[in-house]
Asker: 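Below: one structure in structure tokens.
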Amino acid sequence: MKSEARYGGGVTLLLFVLIFLPLLAVLLNVFLPGIFFGDWQVGNANLLMEIFHRPLWKQSLINSTILGIGTALIGTMMGGILASIRVRWEFAAGKWLDIAVWLLLIAPSFMIAQGWVLFASANGLFQQFTGGTWVTSFIFQPAGLIFVMSLSKFPLAYLAIVASSEWNMRQYGYAARLNGASPFVVWRTVELPLALPSYLAGATLVFMDTVGDFGLPAALSTVFKFPTLTYSIYSAIYQSPVRFDMAGVLAFYLVIILACAMGLLMYSLKKSKFDFLNARAVRMERTKPRRAWLLNLLTGLFLLMSLGIPLGTSAMVSLLKRSGDGIRLDNITLDHYRALLSFQSGDHRLLGYLDGMVHSLVIAGVAALFSMLIGFVAAYVLTFTQTRLKSFIQLFSIISLAVPGVVLGIGYIFIWNQKWLEPIGLHLYGSPTLLVLAAIAGAIPYAVRVQLGTFGNLSGSMLNAAAIQGAGIFSRMKDIVFPLVRQSLLIAMLASFGTSVFDLALASMLRPANYSLMPLVIDHAFEFSEYGYATAATVVSCVCVALIVILLQSAVRFGFYRLDLRKGEKRN
């Protein structure tokens with residue numbers, strides 16, 4: 001149908017411009033450097049090989065690879081153990097685990113890393129309380145960084161494995177138990193092989209998110225030199241003179257690593273596919289464990305490490321006059337919060353925190369709204385239409401998961417920093433509009449994935465019946481699909497909002513001159529060792545975003561409730 005083709009073409013064009021075109025620009029600039037700046041020349045292949053000769057580039061590549069592989073292994077192991085426990089047993093700490101998983105999924109890694117730096121550094125909170133230095137020695141080395149990153153990235157593996165464990169085939173396990181197998185042997189020989197695809201998917205997601213992470217190396221750069229590809233790309237952009245060619249080469253290798261990870265995932269899933277769910281599959285039922293207190297204790301300790309230490313440390317340091325003087329009554333103050341909420345500007349804090357908070361909230365709000373709408377149309381086209389462009393929409397939405405913020409930022413600079421765009425008013429580089437577009441591109445993957453799950457549960461017969469009666473595609477979206485999936489729309493919008501407001505990578509790459517953004521205010525205050533100000537900003541930011549999410553969710557649900565009441569009264 002022509003209407004379906006128009007919607008499919010529109011979504012494909014948007015995804016191409018917002019996501020695929022910037023990625024293509026980065027790759028193109030490697031082989032044709034200067035093509036976006038009026039100096040077109042054939043690329044020098046030697047520049048691609050310099051990553052193996054320049055010490056900083058080579059070390060960045062090695063560090064990113066080690067950090068990604070190590071975090072994928074340990075993070076998947078953490079997520080797999082917790083998921084296996086959660087789907088089998090009902091215990092009090094399980095609900096807190098689910099909440100913590102989503103908090104960690106939204107929380108930016110640079111805030112988590114800053115909390116660990118303040119906790120584990122020399123004269124940090126741990127050393128002040130215990131006098132020990134072993135935490136400092138452990139954390140500030142590659143193994144320690146892998147451990148910290150695993151504590152923040154395990155939710156990706158946890159959610160993938162939990163989702164795959166919703167249905168099972170109990171008779172396989174029963175047969176093994178009848179033959180004398182212990183519960184552990186049943187899990188190792190029956191359940192684990194069947195769940196292998198979800199473990200591979202979780203490990204790949206953890207690897208990709210870790211390799212593309214910018215926040216952790218940015219936070220650690222003040223106390224521990226651990227260059228990664230993402231941070232080296234950022235440094236190439238902000239050195240003098242600016243070296244876009246170097247940044248493009250580093251981004252090229254980063255994309256290659258992520259593409260290899262995605263290809264390995266697809267190959268592994270194809271080779272390890274088990275079609276074991278049939279009509280005899282049953283939903284997993286949780287039971288009460290015999291030692292619930294032990295599960296609650298172990299889960300509580302794990303949550304204390306993953307979420308309590310970084311956030312608790314930030315909250316504690318925000319109340320200290322000097323973080324190195326310890327927790328004493330005469331060292332407690334609210335001065336950092338007073339400075340935070342003052343309207344003073346013009347210092348190195350990038351025009352003040354309040355300006356940055358307003359700018360970040362507005363950008364994230366606009367990005368959340370538009371990404372939700374684009375995701376809604378994309379999910380509809382993928383689920384209910386037969387347009388030929390479905391494969392492109394699926395491809396672009398999957399690619400968007402593998403494009404880190406720093407690569408997306410470079411691509412946007414290449415595309416939108418063109419002189420020929422000035423006469424037509426589309427020279428967006430250096431304007432907040434480009435930040436909004438980049439935030440939309442970064443939020444689209446979450447919006448599409450959240451809504452696809454709900455759309456998959458809808459029957460197409462209702463839409464076919466409406467189409468036979470003459471309802472157009474817009475009417476079918478508005479009157480049939482929207483009321484049924486409105487809850488997933490709300491979740492998609494809130495998830496997009498939460499991920500956009502704390503995006504340090506895009507804020508660092510695309511910030512206009514003299515334009516304050518909340519993640520940059522926090523990062524720069526931390527960089528200047530103003531830990532009290534930085535942690536106070538972290539606490540206030542997290543509380544404000546959480547309150548906005550809760551209030552918005554409650555208001556929208558109340559609005560839906562009132563709307564349903566009115567519709568019911570009209571029918572009566």
Side-chain angles (χ1 to χ4, degrees), residues 1-22 106 360-385 387 389-390 392-401 403 408 412 428 432-458 463 466 471-501 503 506 545 548-549 551-553 555-557 559-560 563:
M1 297 174 64
K2 291 183 178 180
S3 57
E4 292 182 354
R6 285 197 297 269
Y7 277 93
V11 172
T12 304
L13 181 61
L14 280 174
L15 295 179
F16 177 81
V17 173
L18 292 175
I19 298 171
F20 190 74
L21 187 59
I106 295 176
S360 295
L361 290 177
V362 171
I363 290 172
V366 175
L369 178 61
F370 280 94
S371 65
M372 180 268 290
L373 294 175
I374 295 172
F376 175 78
V377 178
Y380 182 94
V381 172
L382 288 173
T383 307
F384 299 118
T385 68
T387 176
L389 298 173
K390 288 175 63 175
F392 289 101
I393 297 175
Q394 190 72 267
L395 174 64
F396 294 156
S397 63
I398 291 176
I399 287 176
S400 61
L401 291 172
V403 181
L408 193 66
Y412 271 64
L428 302 181
T433 303
L434 193 60
L435 277 170
V436 174
L437 292 179
I440 292 173
I444 282 177
Y446 302 97
V448 173
R449 295 298 149 190
V450 168
Q451 296 181 66
L452 270 179
T454 304
F455 274 64
N457 295 327
L458 301 181
L463 301 177
I473 187 171
F474 180 77
S475 298
R476 280 175 269 161
M477 288 182 183
K478 179 175 68 71
D479 299 327
I480 299 177
V481 178
F482 175 76
L484 295 174
V485 302
R486 61 192 185 186
Q487 185 62 32
S488 69
L489 291 178
L490 176 62
I491 295 174
M493 186 171 67
L494 295 179
S496 300
F497 175 79
T499 55
S500 301
V501 73
D503 197 324
L506 290 178
V545 171
I548 290 174
V549 169
L551 292 175
L552 184 60
Q553 188 173 20
V556 172
R557 285 181 174 176
F560 286 155
L563 182 62

Asker: Taking only residues two or more places apart in sequence, or in another chain, which ones meet Phe392 in a side chain to side chain contact (heavy atoms under 4.5 Å, CB included)?
Answerer: Thr12, Leu389, Phe396
Asker: For Tyr412 versus Ala441, what's the shortest heavy-atom pair and its separation?
Answerer: OH-CB, 3.5 Å
Asker: Does Leu552 form a side chain to side chain contact (heavy atoms under 4.5 Å, CB included) with Phe497? I'd like the steps, not just the answer.
Answerer: CA-CA 11 Å; Leu552 184 60; Phe497 175 79; over 6 Å; no
Asker: What's the spacing between Leu434 CG and Leu506 CG if we round to 0.5 Å?
Answerer: 9.0 Å
Asker: Kindly write out the residues that satisfy side chain to side chain contact (heavy atoms under 4.5 Å, CB included) with Leu13, not counting sequence neighbours, or none if the list is empty.
Answerer: Val17
Asker: What distance separates Ile548 CD1 from Leu361 CG, expressed to the nearest 0.5 Å?
Answerer: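 With rounding to 0.5 Å, CD1 (Ile548) is 4.5 Å from CG (Leu361).
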Asker: Minimum heavy-atom separation for Val11 to Val377, with atom names?
Answerer: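 That closest heavy-atom pairing would be CG2-CG1, 3.2 Å.
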Asker: What pairs of donor and acceptor atoms, side-chain ones from residues 362-376 against any protein atom, are under 3.5 angstrom apart with sequence neighbours left out?
Answerer:
from	atom 1	to	atom 2	distance (Å)
Ser371	OG	Ala367	O	2.8
Ser371	OG	Ala368	O	3.1
Ser371	OG	Ser496	OG	3.3

Asker: If I take atom CG from residue Leu14 and atom CD1 from residue Ile444, how far apart are they, to the nearest 0.5 angstrom?
Answerer: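 It comes to 7.0 Å.
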Asker: Which heavy atom of Leu408 sits nearest to which heavy atom of Ile19, and what is that distance?
Answerer: CD1-O, 4.4 Å
